[in-house]
Amino acid sequence: MPRFHRPAASACAALVAIAALAAAGLPGTASARTPDAAGPPGPAAVADASPALLTAMGRDLGLTRAQARDRLVNEAEAGATAGRLRLALGDAYAGAWVRGAESARLTVATTDPADIPAIEAHGARAAVVTHTLAALEAASTAVDRAASRTAARTTAVDAPVRYVDVRTNTLVVQAVRPAAAHDLVAAAGIDPALVRVETSADRPRPLYDIRGGDAYYMNGSGRCSVGFAVTKGTQQGFATAGHCGRPGTTTSGYNQVAQGSFQASTFPGRDTAWVATNTNWTSTPYVKGQGAANVQVAGSTQSPVGASVCRSGSTTGWHCGVIQQHNTSVTYPEGTISGVTRTTVCAEPGDSGGSYISGSQAQGVTSGGSGNCSSGGTTFYQPINPLLQAYALTLKTTTGPGPGEPGEPGGTWAAGTVYAAGAQVTYGGVTYRCLQAHQAQPGWQPPNVPALWQQV
């Protein structure tokens, strides 16, 4: 798989260009501007959007500034609505996506026709499909397990990309050799009816190489990019890609000044890591945008399939595209990475670990991909929320409750809900106050994530 890590003292290797594969959409969509999408994500997505971000979206997505602003509002609201419906539909949920230049049409899929009224009541269009998202993701996990076996490593490298395509309700396996894909599916022991094999010459690799997108250097052996500034208690640092370094690897910053060291790193399996910095470095709630302008990071609400997303990296700077699929699996020569998101954004060596952001919402850190920013390409990012959860980190954001600032009651805590900083919820009979804006995830109950919730 191509890596977008920049090795020391080496020229940027040309990456293999690939043809983008258009994902077929299920029929029927409705406005993503939902009538009950209360709360801050829509207006905040526009208020926090820098002019440089809107300009880049116009350049890369062919939008007017007004369209770009409308798209950000729609996508923020669609993400919140999709999260609520996933919780409401339970096991029947089969995914969600937006369509249109302004992402104005949100579709939510279910395997149960009885869910149609509930979906439409949220302003979305319903699609009734055969397979639940849970079933497709279970099949994907089985393929990942098969790919991780030593005997299947060569086969998996020839069928390197797997993802659940919610728009076609299938598990897609992209392969250089279609026979390798079929062998991998057979080794996984899953129903072939769940799978669609696509032929591609693409062989992604990790993107090797405190403001998101800035360069940093590892022990003099190469260059990667900062993902997002984080804190862990009073310790400051940043999130980045796991393949960039191992625990104990020391780093220097974009200015070659001593910076810190890797505290934790996972690769393969996931592509996550974080670096603790010394006292000369301060975490800031910004990503390096177009023309080196600061782009604000206000939270980490996950955007849905079809949403726009922009990437910042130390080699190619600021580029935008769209989210193609979540929960993608990729087999690099070093092993399989699961749970990454596939995008149309380009990247090149040295961009590894850099920031993906949608509006003002952090999405993830650059893992790997193929192609380049001249001919176009496909890249994958490791979602930021699981990374923060795994290492008990707090994302540095521009929003946060002030001292003693009261929050509005938020009812009983529920996964999928978007909470603003200062909001109050109850869980287990105890009241908690939200410390930073986020979209609640399963396992993120208030007692489990003190970085997000404070007992009142």
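Since the model is a prediction, treat every value here as computed from it, not as a measurement. Just the heavy atoms: all of them, side chains too, but no hydrogens, waters or symmetry mates, feed the values below.
Atom CG of N385 is separated from atom OG of S300 by 3.5 Å, given to the nearest 0.5 angstrom. Here the CD-CZ distance, from Q363 to F228, works out to 7.5 Å after rounding to the nearest 0.5 Å. Between the CD1 atom of I337 and the NE2 atom of H243 there is a distance of 9.0 Å, given to the nearest 0.5 Å.
A donor-acceptor pair shorter than 3.5 Å cannot be found between the side chains of T431 and Q455.
Between S312 and V287, the shortest heavy-atom distance links the atoms CB-CG1, 3.5 Å. Summarising the geometry of W413 relative to W444, their closest heavy-atom pair is CZ2-O, 3.5 Å, with the distance given to 0.1 Å. Across all their heavy atoms, T336 and S338 have their closest contact at CG2-OG, 4.0 Å.
Residues meeting the ring-ring contact (aromatic ring centres under 6.0 Å, His included) test with F238, sequence neighbours left out: Y216.
Between V305 and V98 there is no side-chain heavy-atom pair separated by less than 4.5 Å. When side chains are defined from C-beta on, V345 counts as touching T379, because their heavy atoms get closer than 4.5 Å.
Between Y419 and W453, the ring center distance clears the sub-6.0 Å criterion.
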> Should D351 and T366 be marked as a side chain to side chain donor-acceptor pair (under 3.5 Å) after you check the CA-CA gap, both sets of side-chain angles, and the distance that decides it?
Replying inline: CA-CA 7 Å; D351 288 330; T366 306; over 6 Å; no
Show me the donor-acceptor pairs within less than 3.5 Å that the side chains of residues 109-120 make with the rest of the protein, sequence neighbours left out.
from : atom 1 : to   : atom 2 : distance (Å)
T110 : OG1    : A92  : O      : 3.4
T110 : OG1    : D112 : N      : 3.1
T110 : OG1    : D115 : OD2    : 2.6
D112 : OD1    : A114 : N      : 2.9

